[in-house]
Structure formats: C-alpha cells, structure tokens
Amino acid sequence: MPAAPTVTPKAVIHQKYGAKACYSVEEVREAVDGGCPGLALPQQTRSVYRCSLDIPGLTVVTPGTFVRKKDAEQAAAQIALDKLGIQPTANAPSTPEEAWDELIARISGFFTDENFPSSSHPLIGHMCVTFRRTGDRFGMIPMSAIAACDVKVIGLCKLIDPKAEFDPLLVLSLIYNAAKKSPGVSVSDSNFWIWSQKPYSPEAVDLALQHWSGITDPIEVDGIFVPCMMEDEPKTIRLTLSHNEHYMGDIVSKLSASDSSHAVVSRTVGKASSEIRLYFSAPNVQFVSEISHNVVSSLGDGYMESLINKRASFISGQTIYGDAILANVGYTRRDSELHTEDVTLSNYYRILLGKSPDGNYKISRDSILVAELPSVYSRSSWKGLSPRDLLCSFCRLHRLAEPYFAVNRVSASCKVLGSPVSSEEMDVLKNAENQCASDGKNDKENPDMFKCDVKIYSKKQELLLEYSTADTWSKESDAIHNSSLKVLIWFCSYFKQPNKHVLKLSHSKSTDGFTICPDNFLHEFAMFLSIYGNRGGDDSSACSTVGSLSMDTSKQKLENNAVLAHIDGPDSGVFPSHGSLTCISYTASLVVKDKTNRYTLESNNEFEFEIGTGAVKNQIESCVSQLSVNQSACFIAELPPKDLILAAANEFSHDLSKISRDNCFLEFSVKVLQVTEPLEDRMEKALFNPPLSKQRVEFAVRYINELHATTLVDFGCGSGSLLDSLLEHPTTLEKVVGVDISRKGLTRAAKSLHQKLSKKSLMQTSVPTAVLYDGSITDFDSRLYRFDIGTCLEVIEHVEEDQASLCGDVVLSSFCPTVLIVSTPNYEYNPILQRSAMPNKEEEPEENAGPCKFRNHDHKFEWTRSQFQHWATGLAEKHNYSVEFSGVGGSGDEPGFASQIAVFRRMASGQDEVCQEGELHQPYELLWEWPNASLPSH
C-alpha cells in the first residue's frame, strides 16, 4: 500500500473555506547572494514571491519571500492556520474505507457553495460550458471531466482499488458509485451526467464566467483515430468543437457515443504538461456501475477482453476499449479558455517511439532517423539525455517502479584490469586492503572505485530484471550511467526481436550479468508482446557489416546496400577515426519514384557523435568514415520502419501515410564539419613529440632495414596508418599487405594508399606491390605465409584476452613470419598520460582516469609489463621463437614505456615445411591491389 501524502496547509484552508479563500501573490526582485558590493555595474537579481491570503474575518501576509509561488501560498496558509488555531489532520486517507469516504465528500464538495472549487480550477472550465446552456442540462457535466481535472480524485480511486491506475473505466465506475452517495449531488440512471441538487449561487457562477471565456465560433482541431482492429491503421481525424456543447461530446460523437457523458478519458499521454489524452466510449451505466463492485457483467470478461484496443492501451499504459481518439483538448490552470492543439500522425508515432528503450534518446537528440543509442557511455562525448534519465523515463512510461540503483564502493586495489575477480584473488586483495589500512596509505594513491547493480521492479514491487556487474568506475555517477546503459541495451535487444527472447526468458537464469524473472517480465510486457510479438522477430533496423565493395566501380557500396555517390569538396586529409568526436550536418529526404515529390524528413545543422560507439546508423558512419573534413556526399539508404518515417515526418505525416513503401526511397546528404581526435591520441600528443604512432612506425622501419626485409604484412591494419607512413620512409620493402575485418577502414586505407602511390614524387620509397585483404587474424591464409616481417601494432587490446592469445598462436604457428612486432599500451603508464591530458589542475578528470580504466573505451584489456611479458614469453616458447622487449614513449625507466613492444624472431627448426600444408587455403577476400587497382573519380 503506497504511503498516503500529508495534507498541506493550503488543502486544509480549501476544505474549510473553499472559493472564499483568496490568495494574492506579488512578484518582487531581489539581489542574488554572492554579488559584489560597490560594483558600478548592475547586480544580478532574481524573482521571488510574497503572498497574502484573505479569508472571512482574517488577512495574513508572509513576512518573507519565496523562490516558488506555491511555497509562498503554502506559507500564507500555514500562518492563517496558526492564527485560527486549526490543526490539520496528520495524514490523508490511508485505507480503502477512508479513501471511499473522502471520495464521496470531495465529489459532493464540487457542487456546494461552501466548498466550490476556486475559479481557476479546471473543473470550473467544464462547468462554465453548462452555465452558458439553457434548459435541462444547465449545470450538468460529464463525470469524466472530474477524472480529467482532479488529481486527488484519481489518487483516492487508486487507494480504493489499485487497479484504477491502469483502468479509466474502473475510475468512472468508482466516481459514479461515489456520486450516487454524495449529499447534494444528482446523477442519472441512464448516463454519466452529474450536477448539483441545489442552484449554484449567482456570485459563484459570475466569478466562474469571468475567469473562463467561452467558445464564440466553432474550433477545428486535428486528432488521431486509433482503431481497435489491428488490421486498420491509425489516421488523422478532424474534430469540430462547437460553442454550445461540451468538447468531450464533440470528440466521442466520432465514436458513435450518444453524448459527452459517455466519454471515458485516459490519463495524459506523452508530456505531463500536455492535455493529450485518449477518448473512448463507455458501455451502458449498469455495466460500468458493476465494475467497481467486482461483479461479472452479463457481457462477460471474455467479451470485454476482445474489445481491448491494444495500440491505444500500449501508448497510454491503461486499458482502452474499442476505437479511440487521441486529442489534445482540455481545461488547465494555465489557461482561461479551452486549450486546443493539433495532434498529428507524427505526434502519435513519436509517442509510440518514446515507449521504446532508445526512443527518448533519439527524440532528445532531435534525430530520429540517424541517432542510435550508443554502446558505451563517456562523459566527454555523450549527448542527449543521460543513460540514467533514459532508464528512469522508460520505466515511468511503462508504469514500472523507479529503477533501483545499488552503488557499492570497491577498493581500487581489488582489480587492475577491470575483469571479474575470482574468489582466490578476492582473498589476496582483502589481505592487501587490510595491509594498506594498517600502513595508513593516502587514499589519493588508491582511490575507491564504484560499481552499480540495477534492479527493475513492477509497480507491485515484483522483480522483473536484475543486472549485476563487475566493472568499476572512479565516479559514482559513471557507475550508474554505465549500468543504466547496459540495461537499456538489453531492453533494446528485447524490443527489436521479442520472439527470439520469449523462449530464452522462459528458462533464463543469468547471462551477461542479467537475471530475468520470466513470469513477472512477460506479464508486465504482455501488451507489447501481443502487438509486436507476431512480426517474426525481424529486426528491420538491424545493421550488418559493410557489404561487398569493388574498387573498380564508379560507386562505393556501403552497409545494407546503400550507395555512396557525388563526393564533393577537396580532400583535407583529416578523416574521422575510431574514437574521434565527429560533427556533421545532414538532411534525410524521402523521394517518391514515380513523381517528383521530395519530402525533407529530418535536417540537422550540427550533429556530434563518437565514431565506433554505435551512436548513429551504420550507413551514416560508413559514409562519414570515408569523408574528410568539409567533404560532403549523398547516398541512398534502406527505408527505415514506417513508424520511424512518420515520427520524423512532422507536417508531412498525413501525406506520407498514404504512400507505398515500394514507391519511394530514402536519400541522405551528409557533410563532415569537424573532427576531434580520440582521447587516446590527444593524451599521447600532449606528452610525446613525435606522437607515439609515429614512434611506432620509426621502430618498425629500423627492423625492416636491419633485416633488409622485402615483404611486410600488417595484421589489423585498420585505415592503413602504418602502411601509409611506411611509404614516407626509405626502406627495402617490395610488397606491403594489410589485413583487417573492418571494410570501412580498408576502404579508407585503399584511398590513402592509392593517392600516395599515384604520386611517386612524394614517396621516399618505391613499393611495387600493395594489397589489402578483408579477413581475420585468427584465420590462416596461405598467401601471407613466411613474410619477412609481420606487425600487429595496438591491435590485441581491442579483442578479448583469449582471442589475443589465439591471434598470437595463429600468427606464429601458421603465418610464420621471420619477425613479428607486437605493441600494446602499458597500463602502468596510464596515470601519466591522463594527467598530461588535463588542461589545468582544476579540470575534472575524464571518467576513465584513475585505476581500472583504459585509454580507450574500446579496449577490452590493458596489460602491465609483467602481464605482457608473461603472454609473449609463453607464445615464443610454444612456437619456437625468441622474444625481446622494448617500447616507445618515455625513457623505459619506471613505469616503463608508454607503448610496450615485443619482437618475436623465428628460430631455425626442422619443421619449417609444416605450414606449407595450407598452401591453397585462401579465405581472405582481395579488396584492393596496387598497381592493378583504380579508384572511382568523384
């Protein structure tokens, strides 16, 4: 049972004096604290409020001022209570019986002069419509007006029966049955009108009519008709609100209701400040009256179940029956006349989008067709609502309890690498912690870290989902945001493919830190599953890897068969790279094939995101990754789901709802405005000159020339930075090969290498052959067997530790290069790099500063010197190689080099021909080759 709120002083005054209590709030300006006395310039001020309260026989004024108007009013009411010696009751009703008595009294109070609502109460707006009538219905209002205007009535209904929160028909039933017992109130046996048994005082009527202006001419406003039948699509409907009728009657007349008293309204949908509600028609009075008595009607529960409007129920979080209309009409305290605003199909689909785990992120970024929920959280690059706020909003929209965040403080010594801690390690670490405590070490040397577990409950406090993590963060807020993001990503996966998850949920215990309570979970999301669970599990928005790419064609194919064309602007040489913060402008247009119509769906002059975090559609990132700063391009993209198109369409939503998907296509125009290099690169450049990347190239060049090497393969070449840099140094190389699994990176590498090899005057060396392959290091390809030198620079940390060992095994046992150079970040050097990246001492460090965090969020691990040497020594002994250790960046003294390097040398062996067995094994795809390749002309 929820705790009952304390009665406020203002509520007590209202219970006793009703409309006779008059509050007058005065706004005054006062100087802000902390100003500078004597300064000639005007000082900063702020608005504050003072309140006076007039009640029969007493006037009080607050002695001080308040920042909020409502605080000033409450203070004035409290002063009046103190002077009158009135002691408010301790609490509001706490039992269903007390709530029932209070509901009867409150409804009665609406229709008596003693407790008549203040003239600004929205319910008076409804009454004013009836005060302007003549005849039998003078002073009669529909009962749903009370449900729409009075929050306290809704709270009492929920206290009487908790199911009322999810069932507006039950709320109407409770109001009807309470009204029948309310003194001074009359109700009908055949409809849902309610009115006062006694005439209203002329003073009260005049005051109300002065405050609320009536409709002189009919008002036309758009709403959305949401059909009960799932086969029928929602559509725009024009509502005409007449000057002499209650607006609810004009709305439900479209649903064949007899009059406005048969209107049933949902709570507000979407923004809490709006009056967007769903309207549907009530069944007969007898049926409605029996609902709150838990009496099964002659119609039967099965019949009512068949009338549930699933779509309307899903977006409102309440049970809606039959056809419904979504409209933004109503009386509010902010207005003195009927509030009306159009509701378009775009509004409807945006509300629907907001119910998805990533929907509010898209909306907060004003980028429905481009933005995606990022896979990682970083304070420096995250845009839009924070992960915690997004998760809280998601739970509220689905009528779940607020997320429970369990933040635990963890000693920094508990784990260096941030991976799960074994029980044996924990024993050792606890001893270490105790030793640290006894030694009195400074907390700044080993600051505590934070981890956050998340639990999602229903409103009934039934556990639905629990997420537990071993990841730790230097700030409590980062721990909360990162765990929130993990939960949101899990929900995204479920929402996109619910069918695939249903079977998993039925016997799921714990995977990836998630524990699901399947019965509770499926019950809470039953409505979603009934609507979207029959789509066959197809995820139309899923992103695949880059499709086939031919460097000989005039166009470059990207993911999902999108085509990049018309690249405009000179090559500035500044390209986005993994981890870089990139700012673009874009326009998304829907083009109709058989007509010349073009609809601009979405346009953004400045949209910033981090490359490699999944923060945008895969096609957009593919396009952006191939453009340099100030270059622009157009491409044709796959059509997103209809829901997203209409959500983005705004004023075109009505027209586009009638267009066939087969008759149109989506065109993007994108321009790269600015690129901020990754944090890791910024840290390195702040401390090293030349940067570590160039020092690694120079390190490799020394070995190339020392060995007189003619062939080199770069495993994990990415966008070809090493191969490109090698062309600027005099070497003995005759053939260079790059291998990577990222076609985006390989495409950019091909472009860069092609430009340099085409301008031999810029090169310090002449390389007759250059080749790029699409493939994984863990797959052996015989074309790369026995190269003179293999390089794997800053690659292994981007895969899991077991995969790093597998890469080493495959390269040394199958590819068998004469020399293999492997580099990876030295974890022990991170504090120096992170301090060097801070512009000033006062700036707050980035979230991956401090123990247990890495130089790049994409790093799966970072090794200390001893860990790296242990890994490399084991591989060398296993595969008949010697190994020596070096590095670049720093002097090599404590704490070692910034980038640690292992150089493997193959030793003579009688088993050298073993690798030849795979001579015809060629799984790699040839992507580009020089001198036989040609790039498209733009």
Side-chain angles (χ1 to χ4, degrees), residues 166 222-237 266-272 274-280 308-320 323-328 341-373 385 390 393-400 488 491-498 524-535 538-541 601-602 639-654 656-658 661:
F166 308 101
D222 286 343
I224 300 299
F225 178 78
V226 185
C228 184
M229 297 292 292
M230 291 295 295
E231 295 79 8
D232 300 330
E233 294 290 333
K235 62 182 181 182
T236 304
I237 188 171
S266 74
R267 54 176 157 235
T268 54
V269 177
K271 293 182 179 179
S274 77
E275 279 298 307
I276 300 178
R277 299 175 187 269
L278 282 155
Y279 296 80
F280 63 100
I308 293 177
N309 188 322
K310 294 180 179 178
R311 281 175 296 207
S313 300
F314 177 64
I315 66 172
S316 68
Q318 294 184 301
T319 306
I320 308 297
D323 296 336
I325 291 177
L326 187 69
N328 192 350
E341 190 173 339
D342 288 336
V343 177
T344 65
L345 278 171
S346 178
N347 298 140
Y348 169 81
Y349 283 105
R350 280 177 177 254
I351 292 171
L352 194 63
L353 176 63
K355 298 277 287 188
S356 65
D358 58 349
N360 276 322
Y361 177 76
K362 293 173 179 287
I363 293 171
S364 73
R365 299 230 52 197
D366 198 21
S367 178
I368 292 173
L369 299 178
V370 168
E372 292 287 333
L373 186 68
L385 290 175
L390 289 171
S393 175
F394 174 77
C395 289
R396 292 184 199 118
L397 287 170
H398 286 272
R399 303 297 166 179
L400 305 175
L488 285 167
F491 272 114
C492 280
S493 177
Y494 173 79
F495 267 56
K496 288 181 178 180
Q497 295 182 317
E524 288 296 323
F525 290 94
M527 190 61 69
F528 165 77
L529 199 59
S530 68
I531 300 173
Y532 299 100
N534 55 359
R535 292 189 173 183
D538 177 40
D539 179 11
S540 57
S541 63
L601 300 181
E602 193 169 276
L639 280 177
K642 178 181 178 181
D643 293 6
L644 289 183
I645 293 176
L646 293 178
N650 290 321
E651 67 267 25
F652 303 124
S653 57
H654 178 67
L656 296 184
S657 65
K658 303 175 182 178
R661 286 175 60 88

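L385 and N360 get closest at one heavy-atom pair: CD1-O, 4.2 Å. Between D323 and C228, the shortest heavy-atom contact is OD1-N, 2.8 Å. Nearest heavy-atom pair across E372 and D358 is OE1-OD2, 4.1 Å. Taking every heavy atom of both residues into account, G317 and R399 meet most closely at O-CG, 4.2 Å.
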### Task
Tell me, with the steps shown, if N347 and I276 meet side chain to side chain contact (heavy atoms under 4.5 Å, CB included).
CA-CA 10 Å; N347 298 140; I276 300 178; 5.5 Å; no
### Task
Mind running side chain to side chain contact (heavy atoms under 4.5 Å, CB included) on L656 and L646 for me, showing each step along the way?
CA-CA 7 Å; L656 296 184; L646 293 178; 4.0 Å; yes
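From L644, atom CG reaches atom CG of L353 across 6.0 Å, with rounding to the nearest 0.5 Å. Between atom CG of residue L326 and atom OH of residue Y279 there is a gap of 9.5 Å, rounded to the nearest 0.5 Å. The structure places OH of Y361 at 7.0 Å from CG of L373, a figure rounded to the nearest 0.5 Å. Distance check, rounded to the nearest 0.5 Å: CD1 of I224 to OG1 of T236 gives 4.0 Å. Rounding to the nearest 0.5 Å places CG of L397 at 9.5 Å from CZ of F314. With rounding to the nearest 0.5 angstrom, the OG atom of S316 is 10.0 Å from the CD1 atom of I351.
When side chains are defined from C-beta on, Y349 does not count as touching I645, because their heavy atoms never get closer than 4.5 Å. In this structure, L529 and Y494 have side chains that are in contact, with non-hydrogen atoms separated by less than 4.5 Å. Within the 4.5 Å cutoff, side-chain heavy atoms of L278 are placed close to those of I315. At a threshold of 4.5 Å between non-hydrogen side-chain atoms, the residues R350 and I368 count as touching. Residues I531 and M230 form a side-chain contact, since some pair of their non-hydrogen atoms from C-beta on lies under 4.5 Å apart.
Using modelled atom types, no side-chain atom of D643 and backbone atom of L352 make a donor-acceptor pair closer than 3.5 Å. No donor-acceptor pair closer than 3.5 Å links the side chain of R267 to the backbone N or O of F166. For the pair S367 (side chain) and K362 (backbone), a donor-acceptor distance under 3.5 Å is absent. Judged by distance alone, with hydrogens and angles left aside, the side-chain atoms of Q318 form no donor-acceptor pair with the main-chain N or O of S266 at under 3.5 Å. Side chain of N328 to backbone of D342: no donor-acceptor contact under 3.5 angstrom is found. Between the R311 side chain and the M229 main chain, a donor and an acceptor come within less than 3.5 Å of each other. Side-chain atoms of S313 come within 3.5 Å of backbone N or O of I320 as a donor-acceptor pair. No donor-acceptor pair closer than 3.5 Å links the side chain of S653 to the backbone N or O of A649. Between the side chain of S530 and the main chain of M527, a donor-acceptor pair closer than 3.5 Å is present.
Between F394 and F525, the ring-plane angle classifies as parallel under the 30° and 60° cut-offs.
Both tests do not hold together for K355 against F528: distance to the six-membered ring centre under 6.0 Å, angle to the ring axis within 45°.
Looking at K235 and E233, no side-chain N of the basic residue comes within less than 4.0 Å of a carboxylate O on the acidic one, giving no salt bridge.
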